[in-house]
There are 2 protein chains.
Amino acid sequence: MRYSRQRELILEIVMGTDSHPTADWVFQQARKQMPEISLGTVYRNLKRLATNGNVRTINDGTVVRYDWDQEPHDHLKCKICGDLMDVHLLEEDIRKSVREKYNFEVDDVEMTIIGTCNKHNTIMEEK
Amino acid sequence: MRYSRQRELILEIVMGTDSHPTADWVFQQARKQMPEISLGTVYRNLKRLATNGNVRTINDGTVVRYDWDQEPHDHLKCKICGDLMDVHLLEEDIRKSVREKYNFEVDDVEMTIIGTCNKHNTIMEEK
DNA sequence: AATAATAATAGGAATCATTATTATTTATTG
DNA sequence: CAATAAATAATAATGATTCCTATTATTATT
């Protein structure tokens with residue numbers, strides 16, 4: 001794969017945020033520095049960076065988000081504010097259990113835990 | 001919500017399979033028995049059945065799949081044949097751990113484990 | 001540094017899954 | 001049975017993503 005300024009910029013943008021960005025968000029950021037960049041280029045390069053192992057993908061509903069964190073980890077998704085938070089859970093236990101119980105060789109665990117994050121906790125619940 | 005023959009048929013179809021069908025698959029089955037049914041009706045009713053708790057949704061890449069199994073469970077997705085299998089894992093441990101460590105109230109855990117299922121296991125690997 | 005070979009891009013069209021719109025049909029209720 | 005309001009069929013619209021093609025940029029070679 002040969003070098004391109006576009007791909008370098010795209011990787012830089014993804015690595016520069018903790019916000020689990022979509023392709024479109026990356027595109028909006030990228031065009032600030034490189035106004036002629038096209039959306040197709042962003043999609044193509046994000047996909048390539050993902051197969052290359054430079055970034056990871058997260059399926060958030062019907063949208064794909066990208067994450068530079070290489071360690072296996074999972075996501076908490078708040079149903080109120082939509083925020084995605086990284087968490088490190090029982091990854092090893094899951095792999096072991098699945099391998100033993102189902103004879104299934106695990107490549108990757110994609111876990112999204114949906115609920116309410118601590119920003120919305122209240123002492124008195126009102127119905 | 002008032003009765004409709006379409007909704008009854010759609011629920012019957014989803015409950016009659018273990019294949020985690022997409023809206024379009026349900027539509028193809030439904031029109032065999034009710035040729036005039038429309039795709040929009042299938043989407044609308046699947047969505048309603050999901051909010052009603054009659055079926056659950058699974059995000060499989062960019063497609064939504066439906067599952068009638070009401071027990072909390074997770075999915076093994078084979079990267080070779082694409083099959084989705086149901087598995088029952090450490091759900092309670094996950095909920096407890098997330099609640100305690102992150103002060104996050106869990107509604108639902110969506111876990112997809114990607115790998116290779118036992119149909120593709122070989123004793124001798126050939127590269 | 002100029003040239004040739006070809007990989008990558010920009011821009012836009014196409015596709016796929018899903019949602020919205022609207023005129024018509026149908027279930028419910030008095 | 002007639003009124004009414006919810007559900008449908010048909011189709012247009014949308015949003016995310018992929019595909020296409022002429023042009024541009026990178027890299028290897030002179």
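Proteins get letters first, then strands, A, B, ... in listed order; numbering begins at 1 in each.
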Notebook entry, point to check: Is B:R56 salt-bridged to B:D108, cutoff N-O under 4.0 Å?
Noted result: yes
Next item on the list: Go through the side-chain N and O atoms of B:R48 and B:T51 and say whether any donor and acceptor fall under 3.5 Å apart.
Entry: no
Check: Does B:R99 have any salt bridge (Lys or Arg N to Asp or Glu O under 4.0 Å) partners at least two apart in sequence or in another chain, and if so, which?
Finding: B:E105
Next item on the list: Check salt bridge (Lys or Arg N to Asp or Glu O under 4.0 Å) between B:D83 and all other residues, then give those that pass, not counting sequence neighbours.
Entry: B:K119
Notebook entry, point to check: Quick one: side-chain hydrogen bond (donor to acceptor under 3.5 Å, both in side chains) partners of B:E8, sequence neighbours excluded?
Noted result: B:Y3
Next item on the list: Report the residues that fulfil side-chain hydrogen bond (donor to acceptor under 3.5 Å, both in side chains) with B:D86, sequence neighbours left out, ordered by chain and then residue number.
Entry: B:H20, B:H73, B:H75
Item checked: Atom NZ of A:K101: over 12 foreign heavy atoms under 6.0 Å -> yes
Note to self: I need the CG-C1' distance between A:D60 and D:dG15, as an integer number of Å.
What the structure shows: 15 Å
Checklist line | With sequence neighbours excluded, residues passing salt bridge (Lys or Arg N to Asp or Glu O under 4.0 Å) with A:E36 | finding: none
Next item on the list: Can you tell me the distance, in whole Å, between the CG atom of B:N45 and the P atom of C:dA27?
Entry: 13 Å
With a cut-off of 3.5 Å and sequence neighbours excluded, list every side-chain donor-acceptor pair involving residues 24-35 of chain B.
{"residue": "B:Q29", "atom": "OE1", "partner": "B:K32", "partner atom": "NZ", "Å": "3.4"}

Margin query: Below 4.0 angstrom, which residues in residues 26-37 of chain B have at least one non-hydrogen atom near DNA chain D?
Written below: B:E36, B:I37
Margin query: For residues 40-72 of chain A, which residue pairs pass the ring pair (Phe, Tyr, Trp, His ring centres under 6.0 Å) check, not counting sequence neighbours?
Written below: none
Check: Are B:I114 and B:M85 in one and the same hydrophobic cluster, where Ile, Leu, Val, Met, Phe, Trp and Tyr link if side-chain heavy atoms are under 4.5 Å apart?
Finding: no
Next item on the list: Check salt bridge (Lys or Arg N to Asp or Glu O under 4.0 Å) between A:D60 and all other residues, then give those that pass, not counting sequence neighbours.
Entry: A:R65, A:K77
Check: Distance from A:I58 atom CD1 to A:D69 atom CG, nearest 0.5 Å?
Finding: 9.5 Å
For nucleotides 17-21 of chain C, which of its nitrogen or oxygen atoms have a protein nitrogen or oxygen under 3.5 Å away, and what is each distance?
{"residue": "C:dT18", "atom": "OP1", "partner": "B:V64", "partner atom": "N", "Å": "2.8"}
{"residue": "C:dT18", "atom": "OP2", "partner": "B:Y43", "partner atom": "OH", "Å": "2.7"}
{"residue": "C:dT19", "atom": "OP1", "partner": "B:K47", "partner atom": "NZ", "Å": "2.5"}
{"residue": "C:dT19", "atom": "OP2", "partner": "B:K47", "partner atom": "NZ", "Å": "3.4"}

Next item on the list: Could you identify which residues of residues 1-21 of chain A place a heavy atom less than 4.0 Å from some atom of DNA chain D, listed by residue number, or say none?
Entry: A:R2, A:Y3, A:R5
Notebook entry, point to check: In which ranges does DNA chain D form stems of 3 or more consecutive Watson-Crick or G-U pairs, distances under 3.5 Å?
Noted result: C:1-30 with D:1-30
